[in-house]
*Asks:* 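Sharing a structure with you now.
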Amino acid sequence: MPAARESLLDAAYTALARRPWSAVRMVDVAAAAGVSRQTLYNEFGSKEGLARALVRREADGFLAGVERALAGAGDPLERLTATAEWTASAARENALVRAMLTGCWGERLPSPALKAVPSSSAVPAQRRADAPLPSPGDLVALVRDRAVAVLSGCGVPGPDAADLSRSCELVVRLALSCVAAPPGDGGVAELVRTSLPGQLTP
């Protein structure tokens with residue numbers, strides 16, 4: 001991603017932490033990024049385009065964290081536990097990730113349409129942002145399917161593909177429940193360990 005575009009997205013994210021999206025001005029985002037307002041419009045086309053690009057970047061960052069958790073050391077249970085903990089912490093710390101995972105956008109956040117919008121942008125990254133954005137169900141499926149793909153190659157004896165898929169989806173949905181109602185002692189990890197079928201436990 002070009003440096004100017006990344007700087008503009010950083011500036012927009014910082015502005016959003018300080019004020020509602022409706023009060024974020026394009027001229028202020030450009031100034032904070034150290035570029036002209038024309039550069040901002042060349043990259044994103046409009047404030048809606050900026051919002052879509054910001055949501056896309058945060059979705060990509062969340063999914064990259066899922067990939068890191070799944071690629072970590074440990075058995076499948078430990079990797080799924082790390083994925084659940086990452087999901088809950090990312091949603092806790094990032095309002096846009098929380099909104100994407102729950103579908104609850106609130107008045108302070110941008111709420112771009114999830115469906116694709118017409119795009120005539122010459123910027124490939126913006127054309128991608130103008131494509132459909134992931135819904136909560138899409139993100140659950142993406143995380144589940146990625147977990148199944150990684151863990152099915154771990155040589156875990158026992159669970160068939162359907163059981164593994166159900167276990168992975170259960171972990172994602174447990175993590176999302178912890179976003180809405182934070183768990184008590186033991187946290188997300190304890191919920192995962194006590195909820196998964198025995199064939200995934202060490």
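Side-chain atoms are counted along with the backbone in the values below, which use heavy atoms only and exclude waters and symmetry mates.
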*Asks:* Any Lys/Arg nitrogen of Glu93 or Arg98 sitting under 4.0 Å from an Asp/Glu carboxylate oxygen of the other?
*Replies:* no
*Asks:* Starting at CG of Leu151, measure out to SG of Cys168 and round the result to the nearest 0.5 Å.
*Replies:* 5.0 Å
*Asks:* Just to verify, what does Arg37 make a side chain to side chain donor-acceptor pair (under 3.5 Å) with, not counting sequence neighbours?
*Replies:* none
*Asks:* Side chain to side chain contact (heavy atoms under 4.5 Å, CB included), that's the test. Do Trp21 and Leu16 meet it? Break it down for me.
*Replies:* CA-CA 6 Å; Trp21 184 251; Leu16 181 59; 3.9 Å; yes
*Asks:* Determine, stepwise, if the pair Val148 / Arg166 fulfils side chain to side chain contact (heavy atoms under 4.5 Å, CB included).
*Replies:* CA-CA 9 Å; Val148 169; Arg166 280 190 293 272; over 6 Å; no
*Asks:* Report the residues that fulfil side chain to side chain donor-acceptor pair (under 3.5 Å) with Ser135, sequence neighbours left out, ordered by chain and then residue number.
*Replies:* Asp138
*Asks:* Same cluster or not: Leu170 versus Leu80, using hydrophobic residues (I, L, V, M, F, W, Y) connected whenever any side-chain heavy atoms lie under 4.5 Å apart?
*Replies:* yes
*Asks:* How far does CZ of Arg79 sit from CG of Asp75, to the nearest 0.5 angstrom?
*Replies:* 8.5 Å
*Asks:* Of all residues at least two apart in sequence or in a different chain, which pass the salt bridge (Lys or Arg N to Asp or Glu O under 4.0 Å) check with Arg68?
*Replies:* none
*Asks:* SG/Cys178 to CG/Leu191 distance, rounded to the nearest 0.5 angstrom?
*Replies:* 5.0 Å
*Asks:* Take atom CD of Glu107 as the centre, draw a 6.0 Å sphere, and report whether it contains more than 12 heavy atoms from other residues, nucleotides or ligands.
*Replies:* no
*Asks:* For Asp60, what residues pass the salt bridge (Lys or Arg N to Asp or Glu O under 4.0 Å) criterion, not counting sequence neighbours?
*Replies:* Arg128
*Asks:* Would you say Arg127 and Ser121 make side-chain contact, with heavy atoms under 4.5 Å?
*Replies:* yes
*Asks:* Does any non-hydrogen side-chain atom of Thr81 lie less than 4.5 Å from one of Val188?
*Replies:* no
*Asks:* Would you mind listing every salt bridge (Lys or Arg N to Asp or Glu O under 4.0 Å) that reaches into residues 43-55, with sequence neighbours excluded?
*Replies:* Arg5-Glu43, Arg52-Asp130
*Asks:* According to salt bridge (Lys or Arg N to Asp or Glu O under 4.0 Å), who are the partners of Glu67, at least two apart in sequence or on a separate chain?
*Replies:* Arg146
*Asks:* Do Leu114 and Pro134 have side chains that get closer than 4.5 Å, going by heavy atoms?
*Replies:* no
*Asks:* Can you give me the closest heavy-atom contact between Val179 and Ala88, atom names plus distance?
*Replies:* CG2-CA, 4.1 Å
*Asks:* The criterion is side chain to side chain donor-acceptor pair (under 3.5 Å); which residues satisfy it with Arg56, sequence neighbours excluded?
*Replies:* none
*Asks:* Return the minimal non-hydrogen interatomic distance between Ala99 and Leu109, and the atom names on each side.
*Replies:* CB-CD1, 3.8 Å
*Asks:* Going by the rule side chain to side chain donor-acceptor pair (under 3.5 Å), which residues pair with Thr39 if we only count those two or more places apart in sequence or in a different chain?
*Replies:* Ser36
*Asks:* Quick one: CE on Met26 to CG on Leu50, what's the gap to the nearest 0.5 Å?
*Replies:* 5.5 Å
*Asks:* So how far is it from Leu8 CG to Leu54 CG, rounded to the nearest 0.5 Å?
*Replies:* 11.0 Å
*Asks:* For residues Phe62 and Leu101, determine if any side-chain heavy atom of one lies less than 4.5 Å from a side-chain heavy atom of the other.
*Replies:* yes
*Asks:* Are Glu190 and Pro183 close enough that some pair of their side-chain heavy atoms sits under 4.5 Å apart?
*Replies:* no
*Asks:* Excluding sequence neighbours, so at least two apart, what forms salt bridge (Lys or Arg N to Asp or Glu O under 4.0 Å) with Arg108?
*Replies:* none
*Asks:* Considering all heavy atoms of both residues, which atom of Trp105 and which atom of Pro110 are nearest to each other, and what is their separation?
*Replies:* CE3-O, 3.0 Å
*Asks:* Indicate if Val123 and Phe44 have the same hydrophobic cluster label, given that clusters are the connected sets of ILVMFWY residues with side-chain heavy-atom separations under 4.5 angstrom.
*Replies:* no
*Asks:* Suppose we screen for side chain to side chain contact (heavy atoms under 4.5 Å, CB included). Which residues come up paired with Ser7, at least two apart in sequence or across chains?
*Replies:* Ala33
*Asks:* Can you name the closest pair of heavy atoms from Leu40 and Ala30 and give their distance?
*Replies:* CD1-N, 3.8 Å
*Asks:* Suppose we screen for side chain to side chain contact (heavy atoms under 4.5 Å, CB included). Which residues come up paired with Ala180, at least two apart in sequence or across chains?
*Replies:* none
*Asks:* Rounded to the nearest 0.5 Å, what separates atom CH2 in Trp86 from atom CG in Leu63?
*Replies:* 10.0 Å
*Asks:* Which pairs with one or both residues in residues 173-182 pass side-chain hydrogen bond (donor to acceptor under 3.5 Å, both in side chains), sequence neighbours excluded?
*Replies:* Glu169-Arg173
*Asks:* Quick one: does any side-chain atom of Ser195 pair with a main-chain N or O of Val192 as donor and acceptor, under 3.5 Å?
*Replies:* no
